[in-house]
Amino acid sequence: MSEAITTITGTAVPLPGDDIDTDRIFPGRFLKLLTFEGVGECSFAEERAQWAASGRVHPLDDPRHADATIMLVNKNFGCGSSREHAVQALMRWNRGIRAFVGESFSSIFFSNCVANGIPAVTVTAAAAGELMEAVAADPSARLRLDLTRRTIELGDRELPFTLPDAARHELLDGSWDSTATLLAAREELLRLAARLPYFDNWNDHEG
């Protein structure tokens, strides 16, 4: 099992707008990279450059959000292609995004989040707006996501969120990492492989 994720606390970066797709999050020209090393710098790369050229500061370039570990979004975040790079890049941006809070998420983006131990929790449009306004007014405000209680705490406010039970259980008990789960069962898998005729001599190639 991997690390159990029960709470996440940190400052947030608001990224308003519906239907923000994976090509905006991680431009396709960076897909030539062979590993996820250094992909954090690619997060919203083209959009950030466009903002800078027009004299604006993109939320990811705003020094007030440099330490943010929670991203606030609106509807259908992560739509478009299925590239896991979108999640991997945001995990590696600055200190790393450790949770997403939004109105809704693309199903594949959501699955990629869970597979990397990143909660992507859903709130109402009113709650999303309230959180974004609060963080815009005070970028140092700290949020606390409690997966056990399904709540977001911000100062004296407490807002509910939703998260599918299966994903929530995987995050809470640490079973979200399928690779770690397989490695934990290594001896059992080797015994099973030894009994299967189509895995004959499979163990001879183990590195």
Side-chain angles (χ1 to χ4, degrees), residues 1-15 19-28 30-45 47-48 59-60 65-123 128 131 143-148 150 152 161-186:
M1 295 292 183
S2 294
E3 176 189 2
I5 299 167
T6 57
T7 61
I8 294 176
T9 302
T11 58
V13 53
L15 202 66
D19 305 315
I20 294 178
D21 62 47
T22 51
D23 198 50
R24 286 174 63 185
I25 299 169
F26 189 85
F30 295 117
L31 289 172
K32 62 185 179 182
L33 298 175
L34 298 179
T35 71
F36 292 131
E37 188 71 27
V39 295
E41 300 173 6
C42 304
S43 301
F44 289 93
E47 189 169 295
R48 288 161 59 200
L60 293 193
H65 302 305
D67 293 328
T69 54
I70 299 169
M71 181 169 282
L72 306 176
V73 299
N74 292 120
K75 295 179 184 176
N76 198 28
F77 187 79
C79 58
S81 75
S82 61
R83 66 190 69 164
E84 183 183 351
H85 300 69
V87 175
Q88 291 283 350
L90 292 174
M91 286 172 59
R92 290 166 170 77
W93 169 77
N94 281 1
R95 290 192 60 188
I97 296 300
R98 293 290 171 260
F100 295 92
V101 178
E103 295 177 57
S104 63
F105 300 90
S106 158
S107 59
I108 297 178
F109 181 88
F110 176 84
S111 297
N112 286 335
C113 284
V114 176
N116 285 284
I118 307 291
V121 306
T122 304
V123 296
L131 290 169
L143 282 67
R144 182 177 185 272
L145 275 65
D146 188 326
L147 271 64
T148 303
R150 294 188 177 95
I152 302 171
F161 68 73
T162 59
L163 181 65
D165 285 339
R168 177 172 168 269
H169 291 153
E170 288 180 21
L171 292 165
L172 285 173
D173 67 16
S175 61
W176 54 267
D177 187 339
S178 57
T179 301
T181 300
L182 285 172
L183 290 174
R186 180 178 181 276

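These numbers were taken from a predicted model, which means no experiment stands behind them.
- Residues passing the side chain to side chain donor-acceptor pair (under 3.5 Å) test with D21, sequence neighbours excluded: none.
- Here I70 contributes atom CD1 and H65 contributes atom NE2; the two are 13.0 Å apart, rounded to the nearest 0.5 Å.
- Within the model, atoms CD1 of I118 and CD1 of I97 stand 8.5 Å from one another, a figure rounded to the nearest 0.5 Å.
- Partners of D23 under the salt bridge (charged side-chain N to carboxylate O under 4.0 Å, His left out) rule, at least two apart in sequence or in another chain, are R83.
- One N or O on the side chain of N94 and one on the backbone of A66 form a donor-acceptor pair closer than 3.5 Å.
- The CG atom of L90 sits 10.0 Å away from the CZ atom of F26 when rounded to the nearest 0.5 Å.
- Shown here are the salt bridge (charged side-chain N to carboxylate O under 4.0 Å, His left out) partners of R95, two or more places apart in sequence or in another chain: there are none.
- V114 and W176 make their closest contact through O-CB, 3.4 Å (heavy atoms, listed as atom of the first residue, atom of the second, distance).
- For R168 (side chain) and L147 (main-chain N/O), a donor-acceptor pair under 3.5 Å exists by modelled atom type.
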### Task
Report the C-alpha distance between E84 and T22 in whole Å, list the side-chain angles of each, state the deciding distance to 0.1 Å, and finish with yes or no for side-chain contact (heavy atoms from CB on, under 4.5 Å).
CA-CA 9 Å; E84 183 183 351; T22 51; over 6 Å; no
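- In this structure R92 satisfies the salt bridge (charged side-chain N to carboxylate O under 4.0 Å, His left out) test with no other residue, sequence neighbours excluded.
- For an aromatic pair to be called close, the ring centres must be under 6.0 Å apart, and F30 with H85 fails this.
- Minimum heavy-atom separation, L172 to I5: CD2-O, 3.5 Å.
- Of all heavy-atom pairs between C42 and L33, the closest is SG-CD1, 4.1 Å.
- Side-chain contact between L131 and L143: present, with at least one pair of heavy atoms (C-beta onward) separated by less than 4.5 Å.
- The minimum heavy-atom distance between F161 and I152, with the atom names listed, is CD2-CG1, 3.6 Å.
- Nearest heavy-atom pair, A128 versus V123, reported as atom, atom and distance to 0.1 Å: N-CG2, 3.7 Å.
- Of all heavy-atom pairs spanning L60 and S43, the tightest one is CD1-CB, 4.0 Å.
- Scanning for salt bridge (charged side-chain N to carboxylate O under 4.0 Å, His left out) contacts around E41 gives an empty result, with sequence neighbours left out.
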### Message
side-chain contact (heavy atoms from CB on, under 4.5 Å), that's the test. Do V13 and T69 meet it? Break it down for me.
### Response
CA-CA 8 Å; V13 53; T69 54; over 6 Å; no
### Message
If you apply the rule salt bridge (Lys or Arg N to Asp or Glu O under 4.0 Å), what do you find for D19 with R24, and how did you get there?
### Response
CA-CA 10 Å; D19 305 315; R24 286 174 63 185; over 6 Å; no
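- Between the CD1 atom of I8 and the CZ atom of R144 there is a distance of 11.0 Å, given to the nearest 0.5 Å.
- Between the side chain of D173 and the backbone N or O of S175, at least one donor-acceptor pair lies under 3.5 Å.
- Taking the six-membered ring for Trp and the full ring otherwise, the centers of F109 and F100 sit less than 6.0 Å from each other.
- The distance from atom OG1 of T148 to atom CG of L145, rounded to the nearest 0.5 Å, is 11.5 Å.
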### Task
Please lay out, stage by stage, how L163 and L171 fare under the test side-chain contact (heavy atoms from CB on, under 4.5 Å).
CA-CA 11 Å; L163 181 65; L171 292 165; 4.1 Å; yes
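- The side-chain hydrogen bond (donor to acceptor under 3.5 Å, both in side chains) contacts involving residues 96-108 comprise N74-E103, where partners must be two or more places apart or lie in separate chains.
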### Task
List the steps and the verdict of side-chain contact (heavy atoms from CB on, under 4.5 Å) for I20 and I25.
CA-CA 7 Å; I20 294 178; I25 299 169; 4.1 Å; yes
